[in-house]
Amino acid sequence: MAQPKVDKLVTAIDIGSWKVSALIAGRTENGELAILGTGQRESRGVRRGFIADMERTELAVRETVEQAERVAGTNIEDVWVSFSGGSLVSDVVTVERDMGGYRVEQADIDDLLTTGQQGIDPDGRVVLHAQPTCFTINGRVPVKKPLGMHADLLGVDIHVVLADGAPLANLDLCVRGAYLNVNSIVASPIATGLACLSEEERDLGVALVELGAGVTNVSLYAGGMLVGLHSIPIGASDITDDIASAFGIRRSQAERIKCFYGSAMQNRRDFRDMIEIATPHGDVAIPGQSAGPNADGGKITRAALVAVICERLNQIMVEVNAALAGMGFNTPTGRQVVLTGGGAEMKGIADYAQGALGRAVRIGRPRGLAALPEAHSGPAFATLAGLALYGASNPVDLRTIAPAPQTVHRIGAPAWWQRMVKAMKTNY
């Protein structure tokens, strides 16, 4: 199949605790963002969103990108990279400027943004994002483009995301070690929200819960911007570990059982359905050998599996509820929760989360991309799709604003010469 004609390439790399995935997209003539190639490899050196083994992570990134390049039939150099570590902190900085009722000019907007840039206090962290999200007139009326409007007071809300410097430096080093240039490192909740949430949802207020492998990120959107962020160091891989520990099997076998037979909701048939499991010594159960304290002759009931899954899910949902309450997301009615990430692919997870959180819950899948492969259209690849959308839009970031130019008055040659002659006459 011939690749569509594109005029700009955008490459995204999502480096998670369970997988490393890459996506090469291009802007077509009709303005759509079309997928040209994808790649995926097991994540071998990331723990809880942080780089734990640089060499293995670098190798996984290189292999993933090479796979995507072969599918797309092109070579890439610049990439957009996600960061989902638990050190992310979100804040909103509001800056205002007195206009005296005059018409807003571009210079006024530039001065306001420069003032906002100087007013950001990273408090020892690295500024990952500093994006103007909403302008206001007279402190009350929100506007998207204040240029040309009259105002007594012009303000802007700046969304700031901060992160610890060392994890970002390690991530950047791993990607550059794979012979790639990093355009920008993007906070995972921002990319995921761009792919899963509609503009109306972000404006009315919605909570986004990313159930990743090692980290669960809870982010709150209101007024069109990210206003709160909390990371929980528990994820879907903990469910896998619980299954492996409970039934005495390998992690790989536990992951397979979770994906094929796991569910967040239990029914009466689960007590009759039996699942064959493998022991740590082989791929099949050995007759007469125990496969774990809860296994019977290499078999378990599906009810036992669901019980282990729900025990860990209950812990995660308690933490999510506490995070939502801490961010002021207290109204059950009219407040929707969007659940995404690899853990959101589990059967019955939306119904379980709805009962546990007491709010309407839907599964967030990536949107806004043409020719997205079916294998990459699930919630596990929402961050990857959002990275491509983010890179294609290339939003305004105050970190790229150059500092205000300083005026330097230089003395011309004739004046300089006259001053020297005068000084010589005075002294001699």
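One finds no salt bridge joining Arg251 and Glu42 here, because no Lys/Arg side-chain nitrogen approaches an Asp/Glu carboxylate oxygen to under 4.0 Å. The existence of a salt bridge linking Glu58 and Arg62 is confirmed by a sub-4.0 Å separation between a basic side-chain nitrogen and an acidic carboxylate oxygen. Ionic pairing of Lys258 and Glu255 is present here: one or more N-O contacts between side-chain nitrogen and carboxylate oxygen are shorter than 4.0 angstrom.
Taking every heavy atom of both residues into account, Val127 and Ala130 meet most closely at CG1-CB, 4.0 Å. Between Gly116 and Ile120 the shortest heavy-atom distance is O-CG1, 3.3 Å. When all heavy atoms are compared, the tightest approach of Val308 to Ala246 is CG2-CB, 4.0 Å. When all heavy atoms of Ala254 and Ile243 are compared, the pair lying nearest together is CB-CG2, 3.9 Å. Of all heavy-atom pairs between Gly39 and Ala68, the closest is N-CB, 3.8 Å. Nearest heavy atoms, Ala12 versus Leu384: O-CD1, 3.5 Å.
In this structure, Tyr352 contributes its side chain and Asn314 its backbone to a donor-acceptor pair below 3.5 Å. In this structure, the side chain of Gln253 does not engage the main chain of Arg250 through any donor-acceptor pair within 3.5 Å. A donor-acceptor contact shorter than 3.5 Å links the side chain of Asp108 to the backbone of Glu105. No donor-acceptor distance shorter than 3.5 angstrom exists from the side chain of Glu77 to the backbone of Asn181, with no hydrogens or angles considered. With hydrogens and angles ignored, the 3.5 Å screen pairs a side-chain donor or acceptor of Arg302 with a backbone N or O of Tyr261. Formation of a donor-acceptor pair under 3.5 Å by the Asn183 side chain with backbone atoms of Trp80 is not found in this model. Of the possible polar contacts, none joining the Ser17 side chain to the Ala213 backbone as a donor-acceptor pair under 3.5 Å is found. Distance alone, capped at 3.5 Å, is enough to place a donor-acceptor pair between the Arg367 side chain and the Cys196 backbone. With hydrogens and angles ignored, the 3.5 Å screen pairs a side-chain donor or acceptor of Asp270 with a backbone N or O of Asn267.
The side-chain heavy atoms of Ile234 and Arg312, taken from C-beta on, include a pair separated by under 4.5 Å. Using a 4.5 Å heavy-atom threshold, the side chains of Pro132 and Leu398 count as touching. Side-chain atoms of Thr192 and Thr340, non-hydrogen and from C-beta on, do get closer than 4.5 Å to each other. Counting only heavy atoms from C-beta outward, the side chains of Met346 and Leu313 approach each other to under 4.5 Å. In this structure, the side chains of Ile13 and Val65 come closer than 4.5 Å at one or more pairs of heavy atoms. The side-chain heavy atoms of Val143 and Val141, taken from C-beta on, include a pair separated by under 4.5 Å. Looking at Asp172 and Val81, their side chains never come closer than 4.5 Å, going by heavy atoms from C-beta outward. For the pair Leu112 and Phe135, the minimum side-chain heavy-atom distance is below 4.5 Å.
When Thr74, Leu36, Val79 are each tested for a side-chain contact (heavy atoms from CB on, under 4.5 Å) with Thr11, only one passes: Val79.
Between the CG atom in Asn217 and the NE2 atom in His230 there is a gap of 9.5 Å [rounded to 0.5 Å]. Of the inter-residue distances, the one linking Met317 atom CE with Thr216 atom OG1 reads 8.0 Å to the nearest 0.5 angstrom. Annotation: the span from Ile349 atom CD1 to Ile363 atom CD1 amounts to 7.0 Å, rounded to 0.5 Å. Atom CG in Leu128 sits 8.5 Å away from atom CG in Asp397 (nearest 0.5 Å). Ser90 contributes atom OG, which lies 7.0 Å from atom CD1 of Ile190 (distance to the nearest 0.5 angstrom). Remark: Leu88 CG to Ser219 OG distance equals 10.0 Å, nearest 0.5 Å.
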Under the criterion side chain to side chain contact (heavy atoms under 4.5 Å, CB included), I'd like the reasoning laid out for Ile249 against Ile257: C-alpha separation, chi angles, the key distance, then a yes or no.
CA-CA 10 Å; Ile249 57 178; Ile257 290 175; 3.7 Å; yes
The test is side chain to side chain contact (heavy atoms under 4.5 Å, CB included); show your working for Val126 and Leu162 and say whether it passes.
CA-CA 6 Å; Val126 174; Leu162 305 173; over 6 Å; no
Pair Arg97-Leu153, side chain to side chain contact (heavy atoms under 4.5 Å, CB included): steps then yes or no:
CA-CA 6 Å; Arg97 174 185 175 89; Leu153 196 65; 6.0 Å; no
Evaluate the side chain to side chain contact (heavy atoms under 4.5 Å, CB included) criterion for residues Ile109 and Leu147: first the C-alpha distance (whole Å), next the side-chain angles of each, then the deciding distance (0.1 Å), finally the verdict.
CA-CA 8 Å; Ile109 298 176; Leu147 183 63; 4.1 Å; yes
Give the C-alpha distance, both sets of side-chain angles, the deciding distance and a yes or no for side-chain hydrogen bond (donor to acceptor under 3.5 Å, both in side chains) between Glu210 and Ser188.
CA-CA 9 Å; Glu210 301 173 75; Ser188 175; 2.9 Å; yes
Where do Thr133 and Asp157 land on the side-chain hydrogen bond (donor to acceptor under 3.5 Å, both in side chains) test, with the steps shown first?
CA-CA 6 Å; Thr133 56; Asp157 292 331; 5.3 Å; no
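In terms of the ring pair (Phe, Tyr, Trp, His ring centres under 6.0 Å) criterion, residue partners of His376 (sequence neighbours excluded) are, by chain and number, Phe381. With sequence neighbours excluded, the residues forming a ring pair (Phe, Tyr, Trp, His ring centres under 6.0 Å) with His129 are Tyr390, listed by chain and number.
Counting non-hydrogen atoms of other residues, nucleotides and ligands closer than 6.0 Å to CD of Gln315 gives a total above 12. Taking a 6.0 Å sphere around CD of Glu311, one finds it holds 12 or fewer heavy atoms contributed by other residues, nucleotides or ligands. Within 6.0 Å of CD in Gln106 there are more than 12 heavy atoms belonging to other residues, nucleotides or ligands.
The salt bridge (Lys or Arg N to Asp or Glu O under 4.0 Å) contacts involving residues 45-54 comprise Arg48-Asp238, where partners must be two or more places apart or lie in separate chains.
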